[in-house]
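In the text below, chain A, chain B and the rest are named by the order of the sequence lines, each starting its count at 1. Quick caveat: nothing in here was measured; it's all calculated off a predicted structure.
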Amino acid sequence: MTVTLPDGKALTFPRGVTGNDVAAAIGPGLAKAALIVELDGKEWDLFRPIEQDANIRIITRKDEKALELIRHDAAHLLAMAVQDLFPGTQVTIGPAIDDGFYYDFARAEAFTPDDLPKIEARMHEIVRQARPTRREVWPRDKAVQHFKDIGESFKAELIASIPSNEDVSIYWHGDWHDLCRGPHFRTTAEIGDAFKLTKISGAYWRGDAKNAQLQRIYGTAWRDKKELDAYLTRIEEAEKRDHRKLGREMDLFHMQEEAVGQVFWHPNGHTLWRTLENYIRRRVGEAGYNEIKTPLLFDRKLWEQSGHWDTFHQNMFIAEVEDEGRTLAVKPMNCPGHIQVFKQGTKSYRELPLRLAEFGSCHRYEPSGALHGIMRVRGFVQDDAHIFCTNDQITGETKSFCELLLRAYRDLGFDSVKVKLSTRPEKRIGSDAVWDLAEGSLEKATRAAGLDFTFNHGEGAFYGPKIEFTLTDAIGREWQCGTLQVDFNMPERLGATYIGEDGNKHAPVMLHRAIVGSMERFIGVLIEHYAGKFPLWLAPVQVAVATVVSDADAYAGEVVAALKAAGIRTVLDTDNQTVNYKVRQHSLAKTPYLLVLGRREAENRTVTVRKLGVEKQESLALDAAISMLCAEAVPPDLR
RNA sequence: GCCGAUGUAGCGUAGUGGUAGCGCAAUCCCUUGGUAAGGGAUAGGUCGUGAGUUCGAUUCUCACCAUCGGCACCA
């Protein structure tokens, strides 16, 4: 029997050789470092016999792939420790995930945060014990019966759902065993000690809220302590840029009990908002959109007609009007309103594509548990627009929207964007034929726009398929923001038509699209992306003018007036404080520029400029400083 | 909505069955200091809300509200 190494070298072994034997034949170092092997790309336990010729690759700890394996083994380790410490706890599933692993348990009593260190200690103990791993294949019926007998009903249910053509493999680590696809390390020692349990949460069996709720324990696991520490530092860094913390520190916004899920924008935050809004307004304007404003409250009948009532009325804010005896609903989205604008007058095919844009204020009764700072709120503003067009215009409109969106993301500091195409969901309106058409057009248009994308089957909106744009922030987190949806249903439902070339009425196609999605959420993303250190054009306060001595107060007043006249957002600081103190305060406030003024500057009509994060200072003539700042403060689309 | 945790001054925190401290910020005074905290004084809290237990509750119990970590949801 021949196994071929990645470098092309072929080795001959008797049938039934193990990965261990192959590794040992190559070298004792490799034999020790090996975790598992890959046979023709398929993962295989080191101790499991190899029965046929194969391309073989030995995976060691150094391998990128080792992470996922360590995490999977760590999940088993967690389950072992929990069942050791908490007899009667049922195991369910425990996969490797980004940065770590989790395991879902069924237990009547709740795990407490105090349990985590105990469980972790037991995990380390089991690692030290180096429990050996063994793999067995059982007949399905035997396995189901066995797990039922030992009270592991969830496992029994899992086995029952394994396709009949697949082996039911049982992995033993010492005398603990679990149903598992594998592969696993030779012993628990190979997991190492670079792991940490991080949190406990509830989780539904099989991810379905209708099912029983289990208790999930999360952990993180790495190849070595250094990687673990780096991860923990990364988490700390992420906490430092939390938009809720920075929002308070930079006096951008606040939220309170009396307006759950809604944002009070303070002057600084609203400045940021308006800067972003005006940027989008200009970009959208030059792309041929017409901005409109539509009502917040609509008669329930409109939502029934659009189909939203059916699907979402439990998530809508309802306003009853006693005198009129009618029910109004606060709009959860802008499309029906835009269709009303489209429907005014008679539209000709010559007017298409007609692009109606609105910074539309929407309210949705989001589940309480979904709320998160300003990232997920109940009252939000979408940078919404609807493009009414013909079938033939879908591709061109999609393409130019993608360009517009990518341009905007780059301007706002995001270079990496992922695209997903979501197809028809189970609960939907419209015939399959129409969905075929909509999905086909969108896929074609997305390809025409030159975008790489992956599919998200079944995740589309109820009225049409969509593409979703996910950007990556400065520390590698992904945020879904933009979207474009193709809708062949809504215009027809709400009676929107145009007169075609043939003189007959046709329903237009409607493209729903947003660049930033929710203004609130996007500003949250911006805050975290920049860690509050905004580029000058976005910064709510662009320049702080601070005096060293009160003799410079009058000159400082002049400087501030000149900066404000030049359109620079400036604050004046003539407080009775030391320079050191002022530098610290304005640095912590993340003000991009600090101009320090003392007698010297007042006499020479200069300013000493200190840029945020830069210790070196520069002395400039006032006029030169102002023109330098003005040049840098120009929004990217006006440069 | 579900599981769990948390809620003390603007912010960050300590603490207790006998009506609460500390740091920063704030106010005033001294200091006019040249690039990440100068000094002193003062003021600020019905300890999330409501009920219960108790002679007495910020502390114990229950309910509710909000927030946080997840799950589920996201037109």
Side-chain angles (χ1 to χ4, degrees), chain A residues 102 104 109-115 198-218 242 244-245 248-249 251 254-261 303 306-316 331-336 362 364-373 376-378 380 382 425 427-429 459-464 466 468 480 483 485 487 490 512 517-518 521 546-553 574-588 594-601 608-610 612-617 619:
Chain A
Y102 67 76
D104 286 349
E109 308 83 80
F111 291 114
T112 71
D114 295 340
D115 293 332
T198 50
K199 54 199 169 200
I200 308 169
S201 95
Y204 297 105
W205 169 238
R206 302 200 143 169
D208 190 334
K210 288 193 281 290
N211 291 341
Q213 193 158 31
L214 307 168
Q215 296 188 68
R216 176 171 299 178
I217 298 180
Y218 283 93
D242 189 311
R244 292 164 297 193
K245 183 172 172 290
R248 195 185 312 113
E249 288 171 2
D251 199 13
H254 86 271
M255 302 178 84
Q256 65 184 51
E257 274 193 47
E258 292 77 2
V260 172
W303 303 110
S306 72
H308 289 97
W309 188 268
D310 245 17
T311 320
F312 293 110
H313 76 271
Q314 280 185 322
N315 299 303
M316 288 164 69
K331 68 175 173 185
M333 44 152 36
N334 307 297
C335 11
C362 299
R364 296 178 184 174
Y365 182 66
E366 299 286 5
S368 56
L371 303 176
H372 176 85
R376 185 84 185 268
V377 287
R378 287 182 176 159
F380 57 98
Q382 290 178 324
K427 197 173 175 190
R428 59 179 184 261
I429 56 173
E459 298 291 317
F462 74 89
Y463 47 72
K466 59 183 176 184
E468 286 176 338
Q480 196 251 301
T483 182
Q485 307 167 1
D487 182 358
M490 204 65 69
H512 308 240
S518 143
R521 176 177 160 84
T547 52
V548 181
V549 291
S550 45
D551 287 352
D553 285 4
T574 54
D575 280 1
N576 176 10
Q577 265 300 351
T578 60
V579 187
N580 279 332
Y581 184 86
K582 292 186 180 185
V583 166
R584 180 177 152 82
Q585 289 305 305
H586 296 293
S587 298
L588 290 176
L594 176 63
L595 306 188
V596 175
L597 309 182
R599 287 200 191 86
R600 284 206 301 268
E601 288 80 4
T608 298
V609 181
R610 181 185 167 123
L612 181 61
V614 180
E615 266 182 65
K616 217 176 72 191
Q617 306 128 46
S619 201

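Between the CG atom of Leu371(A) and the P atom of C65(B) there is a distance of 13 Å, given to the nearest Å. In this structure, Gln577(A) places its CD atom 13 Å from C1' of C29(B), rounding to the nearest Å. Regarding Leu588(A), its CG atom lies at a distance of 18 Å from the P atom of U35(B), rounded to whole Å. Spacing between atom CE of Met316(A) and atom C1' of A75(B) amounts to 10 Å, rounded to whole angstrom units. Rounded to whole angstrom, the span from the CZ atom of Arg610(A) across to the P atom of U35(B) amounts to 10 Å. Rounded to whole angstrom, the span from the CG atom of Asp310(A) across to the P atom of A75(B) amounts to 16 Å. Asp114(A) has its CG atom 15 Å from the P atom of G4(B), to the nearest Å. Distance Leu612(A) CG to U35(B) C1': 13 Å, rounded to the nearest Å.
Remark on RNA chain B: of its neighbouring residues Val548(A) and Arg378(A), the 5'-side contact belongs to Arg378(A), judged by nearest-heavy-atom nucleotide. For the pair Ser587(A) and Ser550(A), both in contact range of RNA chain B, the more 5′-proximal nearest nucleotide belongs to Ser550(A).
Tyr204(A) approaches Asn211(A) most closely through the heavy-atom pair CD2-O, 3.7 Å. Scanning all heavy atoms of the two residues, the minimum distance from Thr311(A) to Gly307(A) falls at OG1-O, 3.2 Å. Summarising the geometry of Met333(A) relative to Arg364(A), their closest heavy-atom pair is CB-NH2, 4.0 Å, with the distance given to 0.1 Å. Shortest non-hydrogen contact noted between Tyr463(A) and Met490(A) is CD2-CE, 3.5 Å. The nearest pair of heavy atoms linking Met316(A) to Trp303(A) is CE-CG, 3.6 Å. The two atoms that bring Lys582(A) and Thr574(A) nearest to each other are NZ-C, 3.7 Å, heavy atoms only.
Nucleic acid contact class of Thr608(A) (heavy atoms, under 4.0 Å, all strands): base. Using a 4.0 Å heavy-atom criterion, one finds that Thr311(A) contacts no nucleic acid atom at all. Base contact: Glu601(A) has a heavy atom under 4.0 Å from a base atom. If you check every strand for non-hydrogen atoms under 4.0 Å, Tyr102(A) touches nothing. Counting any heavy atom pair closer than 4.0 Å across all strands shown, Gly373(A) reaches sugar-phosphate atoms only and no base atom. Nucleic acid contact for Gln215(A): none, since no nucleic acid atom lies under 4.0 Å from a heavy atom of the residue.
Distances were taken from every side-chain heavy atom of Tyr463(A) (C-beta onward) to each of G38(B), A37(B), A75(B); the shortest belongs to A75(B). Closest contact between the side chain of Ala461(A) and the listed nucleotides A66(B), G34(B), A75(B) involves A75(B).
Considering only residues two or more places apart in sequence or on other chains, Leu371(A) meets the side-chain contact (heavy atoms from CB on, under 4.5 Å) condition with Val260(A), Glu366(A), Arg378(A). In terms of the salt bridge (charged side-chain N to carboxylate O under 4.0 Å, His left out) criterion, Arg610(A) has no residue partners (sequence neighbours excluded). Among residues two or more places apart in sequence or in another chain, the side-chain contact (heavy atoms from CB on, under 4.5 Å) test is passed with Val377(A) by Met255(A), Val263(A), Phe380(A), Glu520(A).
Arg244(A) has its side chain within reach of His372(A): a pair of non-hydrogen atoms, C-beta onward, lies under 4.5 Å apart.
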With the criterion being N/O to N/O and under 3.5 Å, what pairs connect the protein with nucleotides 70-74 of chain B, and how long is each?
residue	atom	partner	partner atom	Å
G70(B)	O3'	Tyr218(A)	OH	3.1
G70(B)	O2'	Ser201(A)	OG	2.3
G70(B)	O2'	Tyr218(A)	OH	3.2
C71(B)	O4'	Gly202(A)	O	3.0
C71(B)	O2'	Tyr204(A)	N	3.0
C71(B)	N4	Gly369(A)	O	3.3
C73(B)	O2	Arg376(A)	NH2	2.8
C73(B)	N3	Arg376(A)	NH1	2.9
C74(B)	O2	Arg376(A)	NE	3.4
C74(B)	O2	Arg376(A)	NH1	3.2
C74(B)	O2	Arg376(A)	NH2	3.3

Polar atom pairs between nucleotides 23-28 of chain B and protein, under 3.5 Å, N or O only, would you list them?
residue	atom	partner	partner atom	Å
A25(B)	OP1	Tyr581(A)	OH	2.7

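Comparing C29(B) with A37(B), their P atoms sit 25 Å apart, to the nearest whole Å. Taking atom C1' in both G50(B) and G12(B), one finds a spacing of 28 Å when rounded to whole Å. A14(B) sits 26 Å from U54(B) when the C1' atoms are compared, rounded to a whole Å. A distance of about 31 Å separates the P atoms of U32(B) and G44(B), rounded to the whole Å. Nucleotides A20(B) and U46(B), compared at atom C1', are 12 Å apart to the nearest Å. Nucleotides U8(B) and G1(B) have their C1' atoms positioned 30 Å apart, rounded to a whole Å. For the P atom pair drawn from U67(B) and U59(B), the interatomic distance equals 22 Å after rounding to whole Å. Taking atom C1' in both C47(B) and G7(B), one finds a spacing of 10 Å when rounded to whole Å.
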For this session: Please step through salt bridge (Lys or Arg N to Asp or Glu O under 4.0 Å) for the pair Arg206(A) and Asp208(A), ending with a clear verdict.
Result: CA-CA 6 Å; Arg206(A) 302 200 143 169; Asp208(A) 190 334; over 6 Å; no

Exercise. What's the verdict on side chain to side chain contact (heavy atoms under 4.5 Å, CB included) for Gln382(A) and Asn334(A), showing C-alpha distance, side-chain angles and the deciding distance?
Worked result: CA-CA 9 Å; Gln382(A) 290 178 324; Asn334(A) 307 297; 3.1 Å; yes

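Cation-pi contact between Lys427(A) and Phe462(A): absent, since separation from the ring centre below 6.0 Å together with deviation from the ring axis within 45° is not met.
At least one side-chain nitrogen or oxygen of Arg244(A) sits closer than 4.0 Å to the OP1 or OP2 atom of C68(B). For the OP1/OP2 pair of A36(B) and a distance below 4.0 Å, the side-chain nitrogens and oxygens of Asn580(A) include at least one atom meeting the criterion. Within the 4.0 Å cut-off from OP1 or OP2 of G12(B), at least one side-chain nitrogen or oxygen of Arg248(A) is found.
Between the Glu615(A) side chain and the Gly613(A) main chain, no donor and acceptor come within less than 3.5 Å of each other.
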Seminar exercise, completed: Under the rule of Watson-Crick or G-U wobble with both distances under 3.5 Å, where | means paired to another strand and [ ] a crossing pair, RNA chain B maps to (((((((..((((....[..)))).(((((.......))))).....(((((..]....))))))))))))....

